[in-house]
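Each remark here refers to the structure printed beneath this line.
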Amino acid sequence: MGKTIAEKIFSSHAGEDARVGNIVVCDLDFAFAQDGTAPLAIKAFERMGQKGVFDPEKIAFFIDHNAPSPNRDVSSLHRLMRDFARKHRIRLYDVGEGICHQLVVEEDWVGAGDLVVGADSHTCTYGALNVFSTGVGSTDLATAIASGKLWFRVPDTIKISFKGKLSPGVYAKDLALYLTGKLGARGALYKSVELGGEVIKDLSIEARFTLSNMIMEVGAKAGIMQGDEKTKKWLAETSKRKVRFVKPDEDARYDKVLEFDVSRLVPQVARPHSVDNVVPVNEVKGTSIGEAFLGTCTNGRLEDLRIAGKILKDKKIHPKVRFMVAPASRRVYLDSMKEGILEIFIEAGAVLLPPGCGCCVGTHQGVPSRGENVISSANRNFKGRMGNPEAFIYLVSPATVAASAIRGKITDPRRYL
Amino acid sequence: MKQKKKVLRGYAHKFGDNINTDYIISGRYKFKTLNFRELARHLLEDIDPDFNKRKAAGDFIVAGENFGCGSSREQAPLAIKYAGIGAVLAKSFARIFYRNAINIGLPIVRTNTEKIESGDELEIDLALGEVHVIKNNLSLKAEPFPSFILDIIEAGGLIEYFKKYGGWKIR
């Protein structure tokens, strides 16, 4: 019997034949934590009585969720991370460098076929590069950085294939929201998902990250794609490592095989307060908004900013809207500055936030007020997510954020194409 | 006769499906502190502001599918544990929450929770994997844990497991 991508990656990292349902202890290629999870991991590491990390070259810390620090409590946790990183010679990305999931792929931390854990649920993002990457908690991460290993239950795999061609104004984010609506918040619980089909082949690598990133929202352990020429080119630009893609066997056994023809897909919106509460944009268009947010590990990359910039060029944000933009990394910040995109945003009336998670997690930088509607390019709209349980968050593509920010209400971006 | 006492007794507090980690402990609190007693005071605050007053030590959170979905924050099971909750019962758990709960020593029970109602008194035998609803003498079977995970649970969590075995015990 053949193997899925997950079974192959777990086999190669466990040093034994790993099949669905087996529990295996695997070698890790990379492990990291961010400022919401690292402090607890450091405490766990110390309580375990660990002296040193297994390999500082395979570990990184990121200060992105709450950066710059909004208060002294957070500052002391950031300091705990800096002290630990210095002591163990771990690379720490500090305030303003960017979001972990963007830096991991920009800075050559992962390669095709790798097995990666991160103490952040959206670690699944690198599935787009043929990496098996998954989120864990702080104690798991502590054992990972101490031993270089972690236990896994080899997951079943759902194979999903997207057929057709996306229409103009419809993006990977719309595809991700559509899929989340179709499968539901637990549609792929515990499972690995292999994402493929002609639509994926057409997507840029940046757009593929969006889709792999959001596979977490259906409960999946990973959202992994096969490599192609685009992946190879992308990896070659960031890394000198030899690229060896992992492909599933022809006779691999899948839990389910699903196919979606998305040629007629229209822009999608996830309504409050769950990511699987998805409708086509026309069902909510006209809903007034008070805040718009462009950024995050889902949609804060250069391509996303370009799409929004094209719509916003020579236009103004609606006077009743606060529009926040947080580029995913310093490089994205600089590149979009050089392309004149940041100028477009500022002239339109946007507020530029430093590279990082921005207002996504509700700790600082743009907490909405009571009863207010927010349009956002993020991946979660849970009640209270942005810091106010009495606000309402609508999740959309960067194009829909930009179009809605101009009109002060939820707007189909295709009118600006 | 020597017997390990693993029977928990308390009252059920029922919640629905897809209770995410933002609801369990909001990001507003969890980024600020490693003081879990402080976090525990805000447990489930955004969806049930009175929960903290209603619950008593040893009570159970009883939920539907996909409990603990969302972020990887280990502060979620920690806030539950430090609030004095005896165990979480659900039809299914989100995978990161499942690992985190086991790693920090919060008892979780996967069972069909449909027939349990808020206010029901429950008796849970963790070793046998049995849930007993006192009022109607109903017995529910819990899904057993694989032996690898049992070792972690029996050690009291992953930190204690690591100390006990000096690393990964590979069978």
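Order of the sequence lines sets the chain letters (A, B, ...), proteins ahead of strands, with each chain counted from 1.
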Exercise. Is the shortest heavy-atom distance from the side chain of V25(A) to the side chain of F148(B) under 4.5 Å?
Worked result: yes
Exercise. Between D140(A) and N103(B), do the side chains contain an N or O donor and an N or O acceptor separated by less than 3.5 Å?
Worked result: yes
Exercise. Among G70(B), G27(B), P77(B), which has the most heavy-atom pairs under 4.5 Å with chain A?
Worked result: G70(B)
Problem set entry | Flag side-chain contact, heavy atom, 4.5 Å: T139(A) against L158(B) | yes
Exercise. Out of curiosity, S26(B) OG to M386(A) CE, how far, rounded to the nearest 0.5 Å?
Worked result: 12.5 Å
Problem set entry | Atom NZ of K141(B): over 12 foreign heavy atoms under 6.0 Å | yes
For this session: Counting only heavy atoms closer than 4.5 Å, note whether R186(A) contacts chain B via side chain, backbone, both or neither.
Result: both
Problem set entry | Atom pair NE2 (H273(A)) and CD1 (I47(B)), whose distance is rounded to the nearest 0.5 Å | 11.5 Å
Exercise. Is the number of heavy atoms from other residues, nucleotides or ligands under 6.0 Å of R79(A) CZ greater than 12?
Worked result: no
Exercise. Of the backbone (N, CA, C, O) and the side chain (C-beta and beyond), which part of M216(A) lies under 4.5 Å from a heavy atom of chain B, both, or neither?
Worked result: side chain
Problem set entry | Region of D46(B) in contact with chain A, defined by heavy-atom distances below 4.5 Å | both
For this session: Would you mind reporting whether R28(B) and P389(A) have side-chain heavy atoms less than 4.5 Å apart?
Result: yes
For this session: Taking the side chain as every heavy atom from C-beta outward, state whether W168(B) and L150(A) have any pair of such atoms under 4.5 Å apart.
Result: yes
For this session: Please tell me if the side chains of I96(B) and K221(A) come closer than 4.5 Å, counting only heavy atoms from C-beta onward.
Result: no
Exercise. Should the pair R47(A) and F162(B) be classed as cation-pi, given the thresholds of under 6.0 Å to the six-membered ring centre and 45° from the axis?
Worked result: no
For this session: Under 4.5 Å heavy-atom distance to chain B, tell me which part of E217(A) shows up: side chain, backbone, both or neither.
Result: neither
Exercise. Measuring heavy-atom distances to chain A, does I152(B) have an atom under 4.5 Å in its side chain, in its backbone, in both, or in neither?
Worked result: side chain
Exercise. With distance as the sole test, does N66(B) use its side chain to make a donor-acceptor pair with the main-chain N or O of A185(A) at under 3.5 Å?
Worked result: yes
For this session: Answer yes or no: are there more than 12 heavy-atom neighbours, outside Y11(B) itself, under 6.0 Å from its atom OH?
Result: no
Problem set entry | Flag side-chain contact, heavy atom, 4.5 Å: K169(B) against W151(A) | no
Seminar exercise, completed: Ordered numerically, the heavy-atom neighbours of chain A under 4.5 Å found in residues 79-95 of chain B are S92(B), F93(B), A94(B), R95(B)
Problem set entry | Minimum-distance pair of heavy atoms, taken over all atoms of S72(B) and A119(A) | OG-C, 3.5 Å
For this session: Can you tell which part of L40(A) gets under 4.5 Å to a heavy atom of chain B, answering side chain, backbone, both or neither?
Result: both
Exercise. Can K43(A) and E74(B) be counted as an ion pair, charged N to O under 4.0 angstrom?
Worked result: no
Exercise. Non-hydrogen atoms of chain A under 4.5 Å away: do they reach the side chain of E160(B), the backbone, both or neither?
Worked result: side chain
Exercise. By a 4.5 Å heavy-atom criterion (distance strictly below it), what part of F97(B) contacts chain A: side chain, backbone, both, or neither?
Worked result: neither
Problem set entry | Heavy-atom side-chain proximity of S71(B) to H122(A) below 4.5 angstrom | no
For this session: Please flag which part of N71(A) lies under 4.5 Å from any non-hydrogen atom of chain B: side chain, backbone, both or neither.
Result: side chain
Exercise. Relative to chain A, which of Q75(B), E65(B), E45(B), K163(B) shows the most heavy atom pairs under 4.5 Å?
Worked result: E65(B)
For this session: Quick one: closest heavy-atom pair of G137(A) and N100(B), and the distance?
Result: CA-OD1, 3.0 Å
